[in-house]
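Please read the structure below before turning to the comments.
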Amino acid sequence: KTTTTTKGRTEKRMSRVNVKPLKIGSSGFRRKDDGDLEPGTWREVEGESFRVRLGPDYASTGTKAPSKRSLAKCLSVEVFRTTSKVTHLTRFLDLGDEDGKETEELGMPAKFVVNMKIPDYAPPNPVWGKATYDGKGYTLAFVFELHDWVKDELRKKETENNAIRLLRKFVNCDPDSELAGRFKSIARVVNLEEVNFNRVAKKLVGRYNETPFLIKSTASLFLSKNVFELDADVHRFSYLALVGLNAVKESVKSIDFDIAFVVQGNPDDELPEQILGACRVSKIDPSVAKVFPIPSSKYKHPNSPKSMQ
C-alpha cells in the first residue's frame, strides 16, 4: 500500500513551483557536534533525555519515563527570515527519492519536516485590534530522516514497536481524525541562568519549560511521495500564547534550547511514547538570518489544506 494519497491533505505529487529547489542546509544554520555550540549552530540530542508517557494505563497513573532512543536523525535545521508565511516548505526543498520507492516499502516517507511559521510582530489586542494571521516573521524548520533500524521495522509485516506503528498511522491518518491532532513538541531552555529574561518571560519559561505542547488547531499536514510535513502556524496561536512569545522575543538571541517531537500515545497499544527526533539550537537571531530566497508571491500553496480547527 502506498501512502501518496489521503483525502483532504495530500497529493499524488508535491506541487512544485518554477524555482530551483533549495539544498538542505542552505539557510546557513550550521551543525556543530564538537565543543560548545556557537550562535547560529545546532546539534542532535538524545531522545532518552526527554520524559514521555509510559503504559500501561497512563490515563490513571500519569507515569512518565525517559524515552527510548529517537526514531529519526536530524538532517538539518533551517532558519529563514520571511515577509509572509511560507506554507508547505518542502515544495522548495531538494530531498531526493522523488520516485517514492522507499515510501512504498515502508508504508510512509522516511523523511519528515516540521515547519514552524513564527511571527515577528506584536499580537493585536483581541478587543479592539484587527486580527492578524500573517506578516513578517521567520521559518524555523527541522528536517528528519528515520534511522535504518526503524526502516527495517517498517518493512516487516507488523512491527511490535508501538511507537513506530503509531507514527505510521499518524502519517497516513485522515486530517479530520482525532489522531491528526496528536503531534507534540517538547521544548526546554538549557541555559536559564545565562539569559536575562524580563519578569513576564521568566515566569512563563519557568512554568512551561519542558512541558509537552500539542500542535493541533494551527497545524496543516502535507504528504507526498518522499516526505511528510507538518506546518505549525504560530501566527494563529491564541492571543495569550502570542503575548508570551512576544515577551521572550528579545531574549531569543541569548537562548540555547532543546526541542523534541513525539506523537502522543493514549491507549496501551500506543505506549510507551518514543521521541521522533530532537536537537539543540543555539541563539537564533532572526535579524541576521538569511532572507528566504523564493519570491513571497509563491509562498501560498494552491491546494493548501485547511488548518485543523
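Keep in mind that what you see is a predicted model, and the values were worked out from it rather than measured.
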Among residues at least two apart in sequence or on other chains, which ones pass side chain to side chain contact (heavy atoms under 4.5 Å, CB included) with Pro267?
Asp269, Glu270

Table please: side-chain donor-acceptor pairs of residues 237-247 below 3.5 Å, with sequence neighbours left out.
residue : atom : partner : partner atom : Å
Ser238  : OG   : Ala241  : N            : 3.2
Asn246  : OD1  : Lys249  : NZ           : 3.4

Between the side chain of Arg81 and the main-chain N/O of Ala289, is any donor-acceptor distance below 3.5 Å?
yes

When rounded to the nearest 0.5 Å, the distance separating OG of Ser254 from CG of Asn191 is 8.0 Å

Presence of salt bridge, Lys101 and Glu104, under 4.0 angstrom
no

Take Phe80 and Phe292, measure what ring pair (Phe, Tyr, Trp, His ring centres under 6.0 Å) needs, and give me the verdict at the end.
CA-CA 5 Å; Phe80 286 107; Phe292 192 65; 5.2 Å; yes

Glu105 atom CD, neighbour heavy-atom count above 12 within 6.0 Å:
yes

Do the side-chain N and O atoms of Thr132 and Arg236 include a donor-acceptor pair separated by under 3.5 angstrom?
no

Using the rule that Ile, Leu, Val, Met, Phe, Trp and Tyr join whenever any side-chain heavy atoms are under 4.5 Å apart, tell me whether Ile275 and Ile215 fall into a single cluster.
no

Would you say that Arg155 contacts Leu106 through its side chain, given a criterion of any heavy-atom pair below 4.5 Å between the two side chains?
yes

Going through the checks in order, is the side-chain contact (heavy atoms from CB on, under 4.5 Å) test met by Arg43 and Leu37?
CA-CA 8 Å; Arg43 69 166 54 119; Leu37 285 178; 3.9 Å; yes

Ring pair (Phe, Tyr, Trp, His ring centres under 6.0 Å) between Phe142 and Phe261, intermediate numbers included
CA-CA 10 Å; Phe142 303 87; Phe261 302 101; 5.5 Å; yes

Donor-acceptor pair between Asn161 and Thr159 side chains, under 3.5 angstrom
no

Criterion side-chain contact (heavy atoms from CB on, under 4.5 Å) on Ser49 and Arg188, from CA distance to verdict:
CA-CA 11 Å; Ser49 66; Arg188 62 189 177 207; 2.8 Å; yes

Are side-chain heavy atoms of Leu223 and Val171 found at a separation under 4.5 Å?
yes

Restricting to non-hydrogen atoms, name the atom on Ser26 and the atom on Leu22 that form the minimum distance, rounded to 0.1 Å.
OG-CB, 3.7 Å

For Ala201 versus Val248, what's the shortest heavy-atom pair and its separation?
CB-CG1, 3.5 Å

side-chain hydrogen bond (donor to acceptor under 3.5 Å, both in side chains): pairs with one or both residues in residues 139-150, sequence neighbours excluded:
Glu145-Lys151

Same hydrophobic cluster for Phe257 and Phe144, using side-chain heavy-atom links shorter than 4.5 Å among ILVMFWY?
yes

Tell me whether Asp33 is salt-bridged to Arg31, with the criterion being a basic N under 4.0 Å from an acidic carboxylate O.
yes

Grab the two heavy atoms, one from Phe50 and one from Ile259, that are nearest each other, plus how far apart they are.
CZ-C, 4.3 Å

Within the 4.5 Å heavy-atom criterion, are Pro212 and Ile186 side-chain neighbours or not?
yes

Check whether any side-chain heavy atom of Met108 sits under 4.5 Å from a side-chain heavy atom of Leu154, and report yes or no.
yes

Does Glu178 come within less than 4.0 Å of Arg182, counting only side-chain N to carboxylate O?
yes

May I have the step-by-step check of ring pair (Phe, Tyr, Trp, His ring centres under 6.0 Å) for Phe170 and Phe228, ending in yes or no?
CA-CA 10 Å; Phe170 173 77; Phe228 172 78; 5.7 Å; yes

One thing to verify: whether Asp99 and Lys225 come together as a salt bridge, which I'm taking to mean a side-chain N less than 4.0 angstrom from a carboxylate O.
no

Close side-chain approach of Thr87 and Asp231, heavy atoms under 4.5 Å
yes

Does the gap between the ring centers of His235 and Tyr133 come in under 6.0 Å?
no

Side-chain donor or acceptor of Glu78 paired with backbone N/O of Ser27 under 3.5 Å:
yes

Using only atom types and a distance under 3.5 Å, with no angle test, would you say the side chain of Ser67 pairs donor to acceptor with the backbone of Glu48?
no

side-chain contact (heavy atoms from CB on, under 4.5 Å) assessment of Phe222 paired with Leu230
CA-CA 6 Å; Phe222 300 90; Leu230 183 140; over 6 Å; no

Would you kindly say whether Gln264 and Asn266 are connected by a side-chain donor-acceptor distance under 3.5 Å?
yes

Note: Asp268 and Gly55 closest approach over all heavy atoms is OD1-CA, 4.5 Å

Who are the side chain to side chain contact (heavy atoms under 4.5 Å, CB included) partners of Tyr58, not counting sequence neighbours?
Arg53, Lys64, Leu271

Residues at least two apart in sequence or cross-chain that pass side-chain hydrogen bond (donor to acceptor under 3.5 Å, both in side chains) with Asn162, listed by chain then number, are Arg165

Mind checking whether Thr90 and Asn115 have side chains closer than 4.5 Å, heavy atoms only?
no

Ignoring hydrogens and geometry, is there a side-chain-to-backbone donor-acceptor pair from Thr61 to Thr63 under 3.5 Å?
yes

Verify, without hydrogens or angle tests, whether Glu210 (side chain) and Ala187 (backbone) share a donor-acceptor contact under 3.5 angstrom.
no

Tell me, yes or no, whether the heavy-atom count around Lys136 atom NZ, taken from other residues, nucleotides or ligands under 6.0 Å, exceeds 12.
no

Without swapping roles, check the side chain of Lys111 against the backbone of Leu95 for a donor-acceptor pair under 3.5 Å.
yes

For Lys283 and Asp256, work out which heavy atoms get closest and say how close.
NZ-OD1, 3.0 Å

Taking the side chain from Asn209 and the backbone from Val189, do they hold a donor-acceptor pair closer than 3.5 Å?
yes

Tell me whether Met116 is reachable from Trp42 by hopping between hydrophobic residues (I, L, V, M, F, W, Y) whose side-chain heavy atoms are closer than 4.5 Å.
yes

For the residue pair Phe197 and Ser251, what are the closest heavy atoms and their distance?
CD2-OG, 3.7 Å

Dump the intermediate steps for side-chain contact (heavy atoms from CB on, under 4.5 Å) on Glu160 and Glu153, then the final yes or no.
CA-CA 8 Å; Glu160 295 181 1; Glu153 284 292 314; 5.6 Å; no

Evaluate Arg280 against Thr41 for side chain to side chain donor-acceptor pair (under 3.5 Å), listing each step before the verdict.
CA-CA 9 Å; Arg280 177 167 296 178; Thr41 62; over 6 Å; no

Do the side chains of Asp134 and Lys85 get close enough for a salt bridge, i.e. N-O under 4.0 angstrom?
no

Shared hydrophobic cluster, Val281 / Val45 (ILVMFWY, side-chain heavy atoms < 4.5 Å)
no

Atom CG of Asn196 and atom NZ of Lys202: how far apart are they, to the nearest 0.5 Å?
9.0 Å

List in chain and number order the residues that pass side-chain hydrogen bond (donor to acceptor under 3.5 Å, both in side chains) with Thr211, two or more places apart in sequence or in another chain; answer none if no residue qualifies.
none

Under a single-linkage definition using a 4.5 Å side-chain heavy-atom cutoff for Ile, Leu, Val, Met, Phe, Trp and Tyr, are Val263 and Phe213 assigned to the same hydrophobic cluster?
yes

Given side chains that start at C-beta, do those of Lys169 and Leu179 come closer than 4.5 Å, heavy atoms only?
yes

Within a strict 4.5 Å, meaning less than it, do heavy atoms of the Leu276 and Phe112 side chains meet?
yes

Test your reading of the model: is there a side-chain donor-acceptor pair from Ser70 to the backbone of Gly277, 3.5 Å cut-off?
no

